Structures are given as structure tokens and as C-alpha cells.
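Naming convention: chains lettered A, B, ... in sequence-line order (proteins, then strands); numbering from 1 in each chain. Computed from heavy atoms alone, side chains included, the values below leave out hydrogens, waters and symmetry copies. Just so it is clear, the structure is predicted and the values come from calculations on it, not from any experiment.
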Amino acid sequence: MNSGRLSFLAGLVGMLLIGWVFFPSLLYQKEPQPLQFSHAVHTGEAVGMTCDNCHTFTADVRSMAIPRLSNCKECHSEVLGESEAEKRLVDEFVAHDREIPWRTYSRQPDNVYFSHIQHVQIAEIECERCHGSHGKSETLTDRQINRISGYSRNIEGQIIPGLRFKAWDRMKMDDCSDCHDERGASNSCLKCHK
Amino acid sequence: MSSALSRRNILKLAGGSALGFLLSPMPWKMLDDISIWTQNWSWIPKLRRGPVTHKYTSCTLCPNACRVNARMISETPVSLWGAPDPCVGHSYLCSVGLAGHHLAYHPSRVRNAHRFTATENGISSEQLSVEDAIAHIAKILHNIHVRPEEGEFALFDCRPHGMVSDIQQIFLSHVLGARYIVPDHHEGRFMRALMEMTEDPGQSYGLDFSRTRTLLSFGVSLFEGWGISPLVVEQFRSRREEFNIIQIDHHQSSSSIVADTHIAIKPGTEMALALGLAHVIVGERLYDPASAARAVDLKRNKPFSFMDLTRRFPPGRVASVTGIPEDVIVRTAREFASNRPATAIADDFAPAELIHSVWILNHLVGATGKNGSVVQKRPLPQPWKGAHRTPPTRLRNVPDHSLRLLMIDASAADTTVSWPDLRRKMRAENATIVLCSPYRPKRGESVDYLIPIHAPYETVRANPSGEYVATSAFQISTPLWSKSEEGCETWQILQRVVSASGAMTKEEFAQLEPEELLRLQCDAIFNSKRGTIHHPNNDETIPLGSVLSSGDFYATLMEGAAWSDDGVATSTNGRLFLMGKSTSSAQRFAESVLAFDNAGIDSNPSFPLLVVPVGEDVAARFGHVSPILSKIYQESDLKPRSRFAYLHHETARRFKLAAEQRVIIHSPHGATEAIVRCDSSVRPDTVQLSVSQLDAISPTRPRIINSYGGRVYTDQPIFVRIERARS
Amino acid sequence: MDSKFITRGLERTSLRNFSVWVLFWVVVLGFGLYGAYLCLAEGLNQTNMDNRFVFGLWIFLDLAIIAFGAGAFFTGLLLYILKRSEFTAVINSAVVIGLICYSGAVAVLAIDVGQPLRAWFTFWHPNAHSMLTEVTFCISCYLVVLAVEYMPILLKNRKLKERPSLLVFQHNLHKVIPVLAAIGVFLSFFHQGSLGGLYGVLKGRPFAFREGFGIWPSTFFLFVLSAAAIGPSFPLLTTSLVSKISRKKLVKPEVLQSLGRISGWLLLAYVLFKSVDTLVWINRTSPSLLFSPYEYYNQESFGTWILFAEIVVFGLVPALMLLTRKIREHRGWLITAGLLACAGIAVNRFVMTIQTLALPTLPFDPFLSYIPSWQEIATFIAVIAYGVLLYSFSFRYLTLFPQERDLNSLTR
Amino acid sequence: MKSIEISPSQYVMVIDADRCTGCGACMVACAIENNVAPAHPDATDRTGVTWMKVVKVSSGNNGDGKPACYLPLPCQQCAAETPCVTVCPQNAVEVDQQTGIVFQMSQRCLGCRYCMAACPYHARYFNWWDPEWPEGMEQTLNPDVAPRMRGVVEKCNFCHGRYQAARASAAEHGQASSDPVTYEPACAQACPTRAIKFGTPANNEQGVGDLVHSSSAFRLLPRLGTEPRVYYLSKHKWIRQMAQMEKETSTGEEVHG
């Protein structure tokens with residue numbers, strides 16, 4: 001191989017590497033959750049909770065609430081198990097009555113009007129349709145915020161080229177409108193944008 | 001060779017990189033993210049999230065005390081709406097009231113006390129704690145107390161109304177030599193003029209338009225601003241078709257546009273028209289027989305009596321004076337006298353003789369003491385009935401250069417006082433003005449101390465109903481923000497200043513707290529066992545008698561309920577004095593009528609145009625109203641603007657002027673610049689200017705009724721000529 | 001010093017003179033770019049446009065210079081498709097001017113929109129019904145075509161020609177130029193037309209609204225025709241101007257006269273159609289919307305004279321001048337006629353943009369006036385400076401006029 | 001000449017010109033509801049943002065007793081040939097088929113302002129400045145409406161934030177669609193004289209169905225064929241003729257609105 005072709009390839013490969021590997025890690029700012037939490041333990045057979053045991057509608061019924069400390073306290077007023085995270089929950093938060101500053105993965109931006117009640121109650125869509133297997137997850141991953149757009153990676157899509165294989169891979173507008181199309185719901189801008 | 005080779009390799013490397021760049025997600029992701037970034041710029045505010053709740057309170061911006069339904073997100077009000085109000089009968093807010101929740105965030109809001117000192121380079125300001133400011137002022141007050149010859153101490157109440165003013169008056173009575181000053185003109189003057197003409201001295205009156213069929217308005221701002229406006233608008237809203245408005249106006253205001261009939265009158269001749277109408281009513285015997293029987297003057301026929309004076313205003317003469325056709329005058333008189341209940345109204349700021357003449361019309365058609373017109377009402381039960389009060393002094397009656405220390409209560413949103421007039425009352429040297437206001441002084445206001453007080457909706461305020469309302473009412477303006485613990489009210493500052501100065505003669509009020517005062521007021525109402533309570537939550541009205549205790553009553557009011565008094569049976573038998581009850585007032589009226597001469601308002605050939613002044617946009621742009629009112633006053637052309645001179649097309653043609661041309665307006669007193677606007681609604685012999693344009697061309701200061709585009713009165717007519725400005 | 005870059009046989013002014021000239025325009029460009037920067041950084045509040053006068057100087061400028069840039073496509077049409085080989089003499093210059101006009105217009109458009117960073121949405125979410133979509137697609141494609149057409153001219157530079165690989169590339173490019181020219185003609189037809197359609201479709205603006213054929217209002221065709229009509233006139237003017245400044249003979253007079261004659265015929269046709277269109281509009285289109293056409297001309301400074309000027313003074317008169325052999329053969333008159341024709345098109349574009357917006361539609365709305373701010377004018381000047389610079393460099397280092405060497409050596 | 005093509009289940013607004021007092025409460029309520037920022041110090045009536053704009057119209061010499069009137073001008077929500085929709089190059093304007101509301105997607109808008117040139121009613125506004133609220137006042141923003149950024153076009157959309165809130169509360173009660181009665185734009189709610197009425201002709205709660213067919217109903221520039229969803233009412237012939245551009249009486253108007 002001559003040196004010209006080699007240089008060309010070096011440029012190509014170098015740039016592909018930067019673009020596919022370094023760029024994504026630079027693009028997102030990682031924000032760790034304040035406390036570890038296993039959805040799997042809670043929804044598993046031993047405990048057997050469902051999503052709406054903790055994620056209830058907010059007072060204005062438009063969103064699902066991130067559980068507050070009072071939800072946790074119902075069971076965890078004292079340490080029940082052996083996990084380190086639970087011990088921290090009791091010591092750092094329950095004992096001081098301090099709310100846990102959870103970092104929300106999938107909060108829609110200000111210009112989107114998303115009403116959970118319309119999707120969950122009226123259209124009867126399963127949580128998994130959009131949130132995937134989050135309810136079965138063992139740990140809480142870091143929230144990743146796009147440094148340019150400010151969006152959470154859960155909304156922009158975990159897969160960097162923006163592809164979607166499963167329904168919950170992305171929560172972009174196209175994904176909403178695809179589902180609306182499938183179900184014959186209106187795709188008018190007005191219905192979801194504010 | 002090697003250099004050429006490496007250069008070529010660099011090119012190839014660049015080529016490869018370019019291809020790799022395009023095949024990587026980088027450019028596409030960046031393009032996408034950057035456009036998302038433009039949709040979420042960090043300097044665009046983020047929206048609050050939280051549950052929606054509603055709070056009921058009442059608006060304190062004007063004495064009408066409209067009920068307010070505040071939409072709250074996470075304990076912050078995001079919008080205010082009118083709530084059903086059984087006292088006034090309406091459920092809407094005016095444009096200023098709709099944005100009342102912005103006032104806490106007004107750009108000129110202050111949170112610290114300031115001391116201002118005049119320096120060579122203008123005025124410098126220095127922050128200090130409220131305690132320090134109070135200590136400084138207390139020291140001055142102490143000096144006055146010790147050496148009264150240094151000058152007087154006074155409190156200026158920008159809007160004397162309600163419990164706070166009452167407390168201030170009582171409070172000042174315990175400070176030796178203290179004055180309580182009120183503006184020369186303020187709300188309720190029109191209603192109070194009635195006392196001078198009716199028999200029962202202790203009576204108060206209100207306007208009941210609920211059945212009125214004819215409303216004859218002598219230039220009252222029926223649809224712009226405050227005062228009578230809510231009462232009229234409510235009828236307009238609920239029974240437009242049966243409510244006939246005749247608007248007598250010298251320019252085209254909202255009121256004259258919206259009224260059923262607009263009678264365009266030559267400015268300054270309104271009294272002649274009122275007496276002309278009275279002439280027709282008396283001459284054609286259209287008056288109400290019962291009223292005529294009560295009116296003592298209607299039978300007398302001596303020189304300078306009522307009959308003698310009205311005889312001087314036959315329709316023919318009035319037509320030539322006012323510029324209104326004779327048949328219109330006769331027709332209007334007939335309509336007013338026959339389509340009853342009818343009420344005639346004038347502005348609080350109108351000349352005294354006009355107000356008097358307008359009341360004469362009401363007496364003639366039997367409007368006084370009748371449902372659907374002017375009704376008697378019982379005053380609000382007073383908690384400190386026997387308390388000693390410092391009597392109010394009108395600003396113009398305060399001797400010039402007599403005040404050493406003046407505190408100004410500027411808790412009202414709109415102050416109509418003229419600042420130079422106020423300054424003139426201060427001693428030439430060594431005088432101190434303390435402004436108690438939530439906001440920095442406006443342009444042209446020079447004060448020595450500024451002490452911050454609560455903005456609207458930050459504190460509890462007692463809210464009795466306005467002067468015009470037909471029945472007394474009371475509600476409490478509860479704070480929308482919980483943070484309102486800090487800060488205070490003017491009277492509390494006064495309380496602390498006086499306590500610290502040692503000038504207090506009795507300690508009685510030194511310990512009073514606002515909540516205690518409110519409770520006293522509620523006790524007084526509760527003990528009267530009168531009236532009903534309206535609950536906004538369920539829109540229910542219950543009699544006060546069904547409330548168990550004064551404490552419950554207080555709690556209900558704090559939730560946003562309103563108390564309103566029962567109506568009183570109106571008396572119809574007292575005597576009426578058309579010329580005024582006292583000889584001196586009858587004399588004064590007769591003199592002003594006889595002195596009325598149309599020569600005074602005829603134009604002078606070198607100054608052919610009469611100025612019609614109106615309120616202006618400047619007040620809204622720089623005054624203490626929400627900046628969102630820019631929608632009306634800056635971002636649309638709805639209201640008159642201060643840089644324009646409005647002329648009729650004919651006038652413009654006559655003086656060879658064109659729209660948008662720059663002109664100079666000359667009066668015998670000076671000149672000012674403006675831009676011509678043509679408006680067919682302006683009378684051909686007049687030019688419409690705004691108040692601030694008058695400064696240079698008027699010998700006296702105009703009296704502003706409301707500075708947000710409404711009516712303005714001048715003591716003397718101003719005549720001008722207009723010339724094109726040389727560029 | 002830079003003589004090894006200059007085409008053999010051509011005489012150019014000294015590098016010093018050229019540097020002074022360039023420096024002057026760079027300063028002007030810098031000033032203009034500052035104005036443009038303000039508009040981008042501070043927002044369009046830097047302009048004197050407003051909610052009623054939503055377009056101003058820039059749109060007028062865009063429409064006008066894109067019409068002037070039509071020389072590139074029309075000369076291409078004459079040369080490559082209609083095989084009028086005499087126009088080889090001006091094709092290079094026309095391409096450069098086209099490139100300048102189009103890239104300048106696109107640059108100004110990028111400043112004119114409120115959110116240039118989102119402008120690519122038009123490609124991603126295009127609205128097929130919008131004339132502006134058509135304009136955006138065609139102009140961006142045509143700009144690429146022009147850039148490719150510029151390549152062989154650039155590669156013919158004496159120094160660049162020394163590299164054999166580039167020579168081959170240049171040669172290959174030459175073979176595709178006729179194809180590109182055909183694409184360019186097609187694209188140009190469409191976007192010149194859609195630029196006309198931009199206003200013609202606005203039923204809410206009865207002053208600009210025109211009936212038409214299918215989706216295209218008559219202004220679509222009038223714009224195409226008028227752009228074609230000054231397609232030859234504008235190169236005629238620029239060539240004369242460059243000739244004057246450089247003090248060189250650049251093309252044979254017959255070429256210019258030939259351009260003038262074609263321009264004349266097309267202009268005559270345009271004036272004819274424009275008159276018919278105007279009559280239809282006055283008597284049918286506008287009255288059917290209850291807008292009396294005469295009221296459009298009631299407003300101060302927009303009297304019927306503007307209609308007369310557009311059609312007669314700047315339309316019929318230059319058309320007849322260009323069709324008169326004697327006038328055409330007189331250099332001064334030929335240029336005057338070309339100037340009048342170009343001015344006529346500028347007036348037409350002015351009327352379509354500025355006058356349309358100045359006229360009220362609501363019966364109680366006032367007539368508006370608008371004077372551009374200095375930032376707008378600066379941006380305008382930046383485009384001119386950019387054009388002068390690009391043209392100056394091209395003229396100095398590239399062969400814009402193949403006849404120049406022969407013509408000037410002949411006289412010597 | 002009336003041709004009502006509006007579906008009875010779509011929203012219409014009826015504005016009684018004889019009841020409008022020009023107080024401007026609708027303009028203020030609208031700005032607060034829709035998070036329109038206070039004016040930039042340099043803004044004028046030509047560069048401000050007023051989704052609802054009240055104008056004063058003088059009659060000239062034909063006032064038949066009414067010398068002038070006020071006309072509140074929101075977006076007319078054109079039902080046919082909606083001029084702004086077809087011109088937008090990137091589909092940032094859309095007519096919602098269910099409600100009939102013409103919706104401007106400011107997040108999609110590139111600020112070319114072609115729609116503003118197309119709108120015969122001048123009801124569209126461009127953000128010439130960044131929106132700015134005095135410090136702290138941004139806390140009072142309505143959470144149901146996203147603030148717009150500089151460089152985009154915006155306009156009245158019949159308070160779509162309220163429409164969405166009405167749908168959410170309908171969903172709370174288990175209904176898939178909102179009850180039209182529960183939803184009213186801010187201007188209609190704020191109007192002290194109830195000059196602005198809103199609703200669907202099908203649900204005649206506010207009487208809009210009857211009003212649009214009344215003899216005093218008219219629309220602005222009807223000959224343009226845009227079929228506005230905003231109707232006006234006036235008993236005065238000159239106002240109706242003026243608004244419809246019927247020429248015989250429309251000479252000599254001028255405006256200060």
C-alpha cells in the first residue's frame with residue numbers, strides 16, 4: 001500500500017473513531033443518580049409492586065410523579081435489607097426527612113405538552129411501550145445530558161446514529177408521531193406542542 | 001520530493017478525514033443538536049412545573065376592590081381573573097388589574113431603604129437598612145418635637161381611602177402638631193357634593209345602576225380606568241340594550257365611541273349645557289313631581305335664585321355657547337327627564353359648579369334616593385368610632401414652605417399628585433421627604449429617603465368598597481405570596497418612627513399589629529349583624545347572622561369571601577336644596593354661574609386652537625404598572641401618544657399641515673414640539689395633546705384624573721397655534 | 001511579482017495598484033460584514049423592518065441580483081444548447097457574475113431569516129406547496145451547479161494548469177459543462193419563476209396576486225421572461241464596465257450588439273406580456289377581490305407613474321432601442337439601453353416586494369413607509385464588495401474573456 | 001355573500017364590535033396567558049408582539065351616529081385557502097382538523113416571515129428581540145405555553161394551552177375528547193363587556209352558532225375567500241361595509257389603532 005492511500009485511510013479511520021467513539025462521550029454530560037435503586041427488586045416476585053404503586057399521577061394529572069420520600073418511607077422507615085443503598089436511604093434521607101434529588105431521565109422539553117393520563121388511562125398504553133424494561137432494571141444508570149441541546153439522552157436516543165430498533169430506544173417526536181399514526185391518533189402539532 | 005510527498009499526504013489525510021467526518025454521526029448530530037439548542041436557548045426562561053391551585057383575594061390597586069381569582073402554580077400566581085363579586089356585581093378585572101401579580105417584580109422594585117443626596121453630578125443614592133433609615137427620620141422628628149419652630153411634620157396619603165387611612169389619621173392625632181395631608185382631588189368628590197344639597201347630614205350615597213335606563217355622563221370616563229367605570233361596564237355587560245348612555249364629551253374618548261349618543265361639546269362649557277337642560281326640564285315641566293315638592297328652591301323666584309339662574313340659560317344661548325344644536329339640547333333634556341330611572345354624573349375632578357349643576361339635574365328628575373339611581377347606603381361599621389382623628393388637610397391648603405418632615409404613603413399604584421406642588425410645601429432649607437413605596441421614585445420625584453413597603457398582593461390589606469358602590473362592602477386582600485412576612489406598611493413605619501422619636505403623646509397605638517386591626521374591623525362588622533357573606537369557592541351567599549363567631553367571620557374573609565351590607569330603604573321625604581344647603585355655597589354657585597361668560601373661552605386670532613388634554617402613555621410606560629401594559633401603550637396605537645398632536649383633517653388642511661409632519665405648538669406661555677396625526681374624531685377647533693406636552697405651554701398644572709390615557713382637566717383653557725417645524 | 005499567475009498574453013495593472021484596489025474593497029467588505037454580524041448576533045431588530053414591512057432592502061436585493069445573475073444561465077443556454085458559439089466570449093464572465101449573484105443572495109438570505117441555524121429544516125420537512133421551498137431547493141442546487149461551472153475557469157489558471165492531474169480533471173469537467181448548463185437552465189427557469197410566484201400566489205395581497213396556469217401565477221412566467229430578457233443585458237453592462245475600469249478591449253463589439261439584440265426581442269415580448277397581465281389584473285383579478293386597482297396608486301410616492309416607468313420608460317423604450325440597429329451599433333446608446341432594461345427589472349422587483357408590503361390590505365390600515373437601517377445597507381454593501389473582490393481576482397488571474405488577448409494585441 | 005364552510009364542531013370566535021370599549025384587557029390577558037414578553041424599550045406598534053390587537057377605526061364622514069369603533073384583531077384562523085399554511089417552506093404552520101385552529105410551530109419556524117407577507121389580516125408577529133421579563137417575573141409565566149425565542153413568527157392560536165388543559169381534565173374524567181364548553185380563550189374570559197364569545201356552532205352554549213348567522217354578522221375581507229373563523233357583529237352598516245371592503249362608504253377612513 002502506498003503512503004498516499006495509507007494517509008487517506010489514517011484520516012478516514014481516525015475521523016470515524018473520533019466521530020463514533022469520542023464524540024458521543026464528549027457530547028453527553030453524565031450526571032449520576034443521588035442514590036442507587038433497583039427497580040427489579042421492587043417489581044420482582046418477592047415484593048411484587050407495579051409501576052403505579054409509586055409513580056402516581058401528579059395533582060394536575062398531566063405527568064407521572066417521580067416518587068417522593070414519603071413513598072419510600074411507607075416501607076423503608078427503618079432498614080429492611082442488607083443493601084448499601086437502602087442503608088444510605090434511611091441514614092441520609094429518611095432520617096433527615098430530606099427529599100431525594102432524583103434526576104429525571106425522560107422529561108419532555110418545555111415546548112412539548114405530554115399528558116400521561118391521556119396515554120395511560122384513555123389510550124391504555126403500557127408503560128413498557130415507551131420506557132422499555134426500565135421497570136426491571138437492577139441499577140440506575142447516569143443521566144446523560146446533551147451539552148449542546150440540553151436534552152436527556154433517553155429522549156434523544158441511546159443509539160448514537162439515532163436509529164431505533166425497539167419502541168423505547170428513542171422518545172423523539174418521530175416516535176410519538178409513528179405511534180399516533182399506528183393508532184389513528186391525531187398528528188397535529190397543536191396536540192402535543194405548546 | 002519529500003516535502004511534496006508529505007504535502008500530498010496531508011491532502012490525502014484531509015480527504016480521508018473529510019470522508020470519515022461525513023460518515024460519522026458528528027456533523028449530523030451537531031446540526032440537529034444545534035437546531036434544538038436554538039429552541040431551548042438558556043436565556044429563554046424555563047417553565048415552572050407543579051399543580052394548579054386557585055386563591056381568592058381582592059385587588060387593591062384602586063378603591064373598587066374587585067374580587068380576584070388567582071391561578072397559582074407552586075405557590076406563585078401566574079394569572080389573575082375577575083371573580084364573581086356580589087357587592088359590585090361584576091366579575092372582571094381591568095387591564096391594570098389583570099397584570100397586578102407582576103407588580104411585585106416591577107423593574108423599579110426596591111427591597112432596601114435608600115438615602116438620596118443631591119450632588120453636583122445629579123442625585124446619588126446610598127443603601128441603608130430600614131432600621132437605620134427609621135432612626136435617622138426619628139431623630140428629625142424628635143428635633144421637630146423639641147423645636148416646633150423648625151417646621152411641621154406631616155403624612156401625605158396619596159389615596160385616602162379605607163382602614164389604612166383611618167388608622168393613619170387616628171395615629172397622627174397622637175403626635176403633637178402632625179398634619180394629615182390628602183390630595184386636592186380624589187375619589188368620591190362627586191358623591192360628597194351631594195351632602196351640600198340634601199337634608200340629612202350623616203347620610204352617604206351610592207350609585208345603583210341596576211335599573212337605570214338613561215345615564216347622562218358629563219365627560220366621565222365610563223370605559224377607561226377606575227372610579228365609576230366598573231359600575232357602568234357591569235350594566236353594559238348584563239343589560240346592554242336597556243342601558244342608554246348619553247355621553248357629553250369634548251373629544252372622542254372610548255366613552256364617546258361606545259355611548260349610544262355622543263354630544264360633542266366645546267370644552268369648558270359643560271355647566272352651561274347642564275343648566276340649559278335644567279331650563280328645558282323646568283320650562284316644560286318634565287321634572288319629577290315628588291322631587292319638585294321636596295326642592296325648596298323650585299318655588300322661589302327671587303333674583304339669584306335657582307329659577308332666576310336657569311332662566312339665563314335658554315336653549316338658544318346654550319347652543320351658541322356650547323356649539324350643540326338647539327334641538328339636540330331640547331331632545332336630550334326630554335330624553336333624560338322621561339326615560340327614567342335616569343342619572344347624571346360628572347367627574348370627581350370636574351369644576352365644582354359643574355358637579356353642582358349635574359346634581360341639580362338629578363334632583364329634578366327625582367334620581368336622588370331612588371333605586372336605579374342614587375341610593376342611600378349605610379357606612380361601613382367603624383371599629384374606632386370614638387377615636388380622635390387628625391382632620392385631613394388638602395394639599396393646596398397647606399402653607400407653602402411650612403413642612404420640615406414629610407412622609408409620603410405611596411402604596412396606591414397610581415398617584416395623581418403634582419410633585420412640584422408637593423415640593424413647594426417643604427421648607428426651603430433643611431427639609432426631608434420620606435417616600436414609603438415599593439418602587440424607586442419616578443422621574444422628577446426628588447426624595448431624601450426611600451423606605452420599601454409591600455407591593456400589592458404581598459400583604460394583608462383591608463378593602464372596603466369604593467365610594468360609588470350602592471352598598472357598603474368589605475373584603476380582605478390576602479397575600480398571594482407567603483414570603484410577605486418581611487417588609488411592612490407605611491403606617492407601621494410611621495409607628496416605628498414616632499415611637500423612636502419620643503413624640504408620641506399616648507402609647508395606645510404603639511403596639512398595634514395589622515392582624516389585630518383587621519380583627520377589630522371584623523368585630524365591628526360582625527357586631528352590626530348586618531349584611532351577607534359571599535363565598536367565592538362555592539359561589540354561595542349566606543347572611544352574616546348565620547355565622548357563629550367573629551373569629552369564623554374573620555377566617556371566612558381571609559379565605560377570600562366578601563361581606564356586603566343590606567340595602568337601606570331610601571328616604572324620599574328630606575328637603576332638597578338645588579342651590580346648596582348653606583347660604584355661602586348657594587352664594588358661591590350663583591356667583592360662578594353669573595360669572596360664566598362665553599367670552600372667556602372664545603379664541604384669540606393669533607392662538608386659534610383650543611387644547612384638549614388627555615392622559616398619556618408615558619404614565620403606563622414609566623409608571624408603576626406591570627410592564628406587560630406595553631401591549632396597550634407601546635405596542636399598539638390604541639391610546640393617544642404623548643409625542644403626537646391630534647387634529648381633525650379639516651384643521652390640518654386649514655393650517656396646511658399633513659399627517660406625520662413635525663410641528664411646533666405655540667401658546668402665549670411657551671412652545672412645544674409634536675408630530676401631527678389626523679383623526680376625524682377631534683373637534684375641528686381643537687387640538688388634542690397629552691398632559692406632559694402641556695408643561696411648556698400651560699401656565700398652570702393640569703389635573704389628571706387617571707394618567708393611563710383618560711381625561712384631564714385644566715384650570716384655564718389653553719389656546720395655541722401650530723406651525724410647521726423647520727427641519 | 002504575481003505575473004506567473006496571470007494568463008500569458010494578458011496585461012494587468014501592477015500588483016501595487018491591484019492591492020490598493022483590493023484593500024479598499026476589503027475595508028468596505030469589513031464594514032459590511034460588521035453590519036451583517038450585528039444582524040446575526042443581536043437579531044433582526046437591527047433592521048428597520050417590522051411586522052407589516054416584513055421584507056425590505058434585502059429581499060429586493062435578492063430578487064434583483066438573482067435576476068441579474070440570470071446572465072449565467074441564459075448565456076449558457078445560448079452557447080451550449082442553441083449553439084451560438086460567439087458567446088464563448090462572455091460565458092466565463094457571465095458564470096462568475098452568476099456565481100457572485102447567487103452566492104451573495106444566499107448569504108443575504110441567511111442573514112434575513114430569524115433562525116439561520118434551522119434553515120436546513122426546509123430540506124428535512126419541505127412543504128411542497130410553498131413557492132419558497134421551490135426557490136430554496138432550486139437556488140441551492142443551482143449554486144452548486146455554478147460552483148462546478150466555475151471550476152474549469154478556475155483550473156485554467158496558468159499556475160494551476162501546470163499540474164497535469166488538474167488539467168485532466170478540468171478537461172473532463174469541460175465535457176460535462178453543457179450538461180450542467182442544461183441543468184442550470186432548467187433550475188434557473190424554475191427558481192426565477194418561483195421567485196415571481198412567491199408574490200403572485202399571495203391572495204392576501206391583492207396588489208401582487210395574479211391568476212395563472214395551474215399552480216403558477218402569471219408572475220411566474222413574467223419573472224422567467226424578464227430574467228431571460230436581461231440575461232444578455234447585464235453581461236453587456238458588466239463587460240462594458242470592466243472594460244472601462246481595466247482600460248482593455250474585452251470582447252468584439254458585435255458580440256455585445258448581438259447580446260443587445262437578443263435582449264431587445266425578449267424585452268419586447270416581456271413588455272407585451274406584462275401589459276396584458278397588467279390589464280387583466282386591473283380589470284379582473286383585483287376587482288374580483290373588491291380591491292380597486294386605482295387605490296394602489298393613490299398613495300404618496302407610489303403614483304401610476306411607477307407603472308408607466310416600469311412598462312414604458314424602462315421596458316418598451318430600451319426594447320425598441322435595442323432592436324434599432326443604429327442605436328445598437330452606438331456603444332454609448334447600447335449601454336444606455338442595457339442600463340434602462342436592467343433598471344426596469346429592478347423597478348419590477350421593487351414593486352413586487354416593497355410596494356406590495358407598503359400597501360395596506362385591511363381597510364382601516366395605514367399605508368406604511370420603510371427606510372432601511374445602516375446595518376441593512378451595510379449588508380447590502382458587503383455583497384457588492386464581495387462581488388467586486390471575487391470578480392477582480394477572477395479577472396486578474398483567470399481568463400474571463402477569451403478574445404481579450406487578440407483584441408488588445410491587434411490594437412498594439 | 002356569506003358562505004360558511006366551517007364545520008360546526010370547530011371553534012369560532014364572535015366579536016361584538018358594538019360592545020368593545022377599547023379597554024385593552026383582552027390584549028393584556030392574552031399576553032399574560034401566552035407568555036408574550038413585555039415590549040423591548042425600542043419596540044413600537046409595528047415591531048411589538050400582540051397576538052390580540054385592538055384597533056380604533058374612525059368612520060370618516062359615514063358614521064350614521066357612531067363616529068368610530070374598536071375592532072379586536074386576533075388571528076382570523078382562516079378555514080379555507082389559509083394563506084399562511086401554503087407558503088411556509090417547512091410546514092411550521094398547520095390547521096388542526098379537529099378544532100380548526102391554525103397553529104404556528106415556533107420551534108420549527110426559521111423566521112423567513114413569508115407567512116406574514118401572506119397574511120391579509122396582519123395577525124402574525126415576528127420576534128424582533130429576545131423575549132425578556134424583568135427579574136423574577138419569569139416565575140409568573142403560564143406553564144402551559146412555551147415561551148418563544150427571538151427570530152420566529154408567532155400568533156394567536158385560540159389559547160391552545162387552555163385547549164390542552166381542557167383535554168387533560170377531560171381525560172381525568174375518563175373522556176377521550178374535551179367538552180367544548182370547558183374551554184375559552186383568555187381574551188374572551190377577560191373581556192369586561194363580554195364582547196368576545198367563543199365556542200363551536202354545534203354546541204351553542206354561548207350562542208355562537210346563532211350569532212354567526214345573524215344579520216349583523218360579518219367577517220373581514222370575505223372576498224379573499226379565506227373563510228375566517230373569527231366573526232364580527234355590528235348593527236352599524238358602515239362598520240360592516242368597511243370591513244368587507246364594500247367601497248361605496250369606505251372613503252376617508254383612517255386609523256389610530
Worksheet entry | Backbone of D:Leu233 reached by a side-chain donor or acceptor of D:Ser216 within 3.5 Å | no

Worksheet, complete the sentence: Ranking D:Pro131, D:Ala146, D:Ala25, D:Cys20 by heavy-atom pairs under 4.5 Å to chain B gives rank one to D:Ala25

Response to the item:
Per-residue tally against chain D (heavy atom, under 4.5 Å) across B:Trp81, B:Phe236, B:Tyr92 peaks at B:Trp81

Worksheet item: Is chain D contacted by the side chain of B:Arg71, its backbone, both, or neither, given a heavy-atom distance below 4.5 Å?
Response: side chain

Worksheet item: In terms of heavy-atom proximity below 4.5 Å to chain D, should B:Thr38 be classed as side chain, backbone, both, or neither?
Response: backbone

Fill in: Which atoms of B:Ile257 approach chain D - backbone, side chain, both or neither, heavy atom under 4.5 Å
both

Discussion item. Under a 3.5 Å threshold, yes or no: a donor from one side chain and an acceptor from the other, between D:Ser106 and D:Glu154?
Written reply: no

Worksheet item: Sub-3.5 Å donor-acceptor pair from the side chain of D:Asn35 to the main-chain atoms of D:Ala31, do we have one?
Response: no

Worksheet item: Does any heavy atom of chain B fall under 4.5 Å from the side chain of D:Glu132, the backbone, both, or neither of them?
Response: neither

Worksheet entry | Interface residue of largest heavy-atom contact number with chain B, from D:Asp18, D:Thr47, D:Val49, D:Thr50, under 4.5 Å | D:Val49

Response to the item:
If one checks every heavy atom of B:Ile73 against chain D at 4.5 Å, the contacting part turns out to be side chain

Fill in: Nearest-0.5 Å distance that lies between atom CG in B:Asp249 and atom CD1 in B:Ile263
10.5 Å

Worksheet item: Side chain, backbone, both or neither: which part of B:Thr76 has an atom under 4.5 Å from a heavy atom of chain D?
Response: side chain

Discussion item. Is it the case that the side chain of B:Arg237 and the backbone of D:Cys191 share a donor-acceptor pair, with hydrogens and angles ignored and the cut-off at 3.5 Å?
Written reply: yes

Worksheet item: When the aromatic ring centroids of B:Tyr457 and B:His101 are compared, is their separation below 6.0 Å?
Response: no

Worksheet, complete the sentence: One option among D:Met137, D:Arg150, D:Glu138 has the most heavy-atom pairs under 4.5 Å with chain B, and it is D:Met137

Discussion item. Distance alone, cut at 3.5 Å: any donor-acceptor contact between the side chains of D:Ser234 and D:His236?
Written reply: no

Fill in: Rounded distance [0.5 Å steps], CD1 in B:Ile632 versus CG in B:Asp637
13.0 Å

Discussion item. Angle between ring planes, B:Trp41 versus B:Trp43, binned at 30° and 60°: parallel, tilted or perpendicular?
Written reply: parallel

Fill in: Residues of residues 119-126 of chain D within contact distance of chain B, non-hydrogen under 4.5 Å
none

Worksheet item: Do the side-chain N and O atoms of B:Gln247 and B:Ser256 include a donor-acceptor pair separated by under 3.5 angstrom?
Response: no

Discussion item. Taking side chain as everything from C-beta outward and backbone as N, CA, C, O, which of these in B:Arg48 sits under 4.5 Å from a heavy atom of chain D? Side chain, backbone, both or neither.
Written reply: both

Worksheet item: Does B:Thr651 use its side chain to pair, donor to acceptor, with the backbone of B:Leu647 at less than 3.5 Å?
Response: no

Worksheet item: Non-hydrogen atoms of chain D under 4.5 Å away: do they reach the side chain of B:Pro77, the backbone, both or neither?
Response: backbone

Worksheet item: Under the 3.5 angstrom rule, does the side chain of B:His106 hit a backbone N or O of B:His102 as a donor-acceptor pair?
Response: no

Practice prompt. Specify which of D:Gly48, D:Ala39, D:Ala165, D:Pro134 makes the most heavy-atom pairs with chain B at under 4.5 Å.
Written response: D:Ala39

Item to complete: Would you mind checking which part of D:Asn142 comes under 4.5 Å of any heavy atom in chain B, side chain (CB onward), backbone (N, CA, C, O), both or neither?
Response: both

Item to complete: Measure from NZ or CZ of D:Arg162 to the centre of the six-membered ring of D:Tyr183 and say whether it is under 6.0 Å with the direction within 45° of the ring axis.
Response: no

Item to complete: Using non-hydrogen atoms and a 4.5 Å limit, figure out which bit of D:Val36 sits close to chain B: side chain, backbone, both or neither.
Response: both

Practice prompt. Among the options D:Glu135, D:Met27, D:Arg194, pick out the one with the most heavy-atom pairs lying under 4.5 Å from chain B.
Written response: D:Arg194

Worksheet entry | Residue pair D:Val230 / D:Phe158, side-chain heavy-atom distance below 4.5 Å | yes

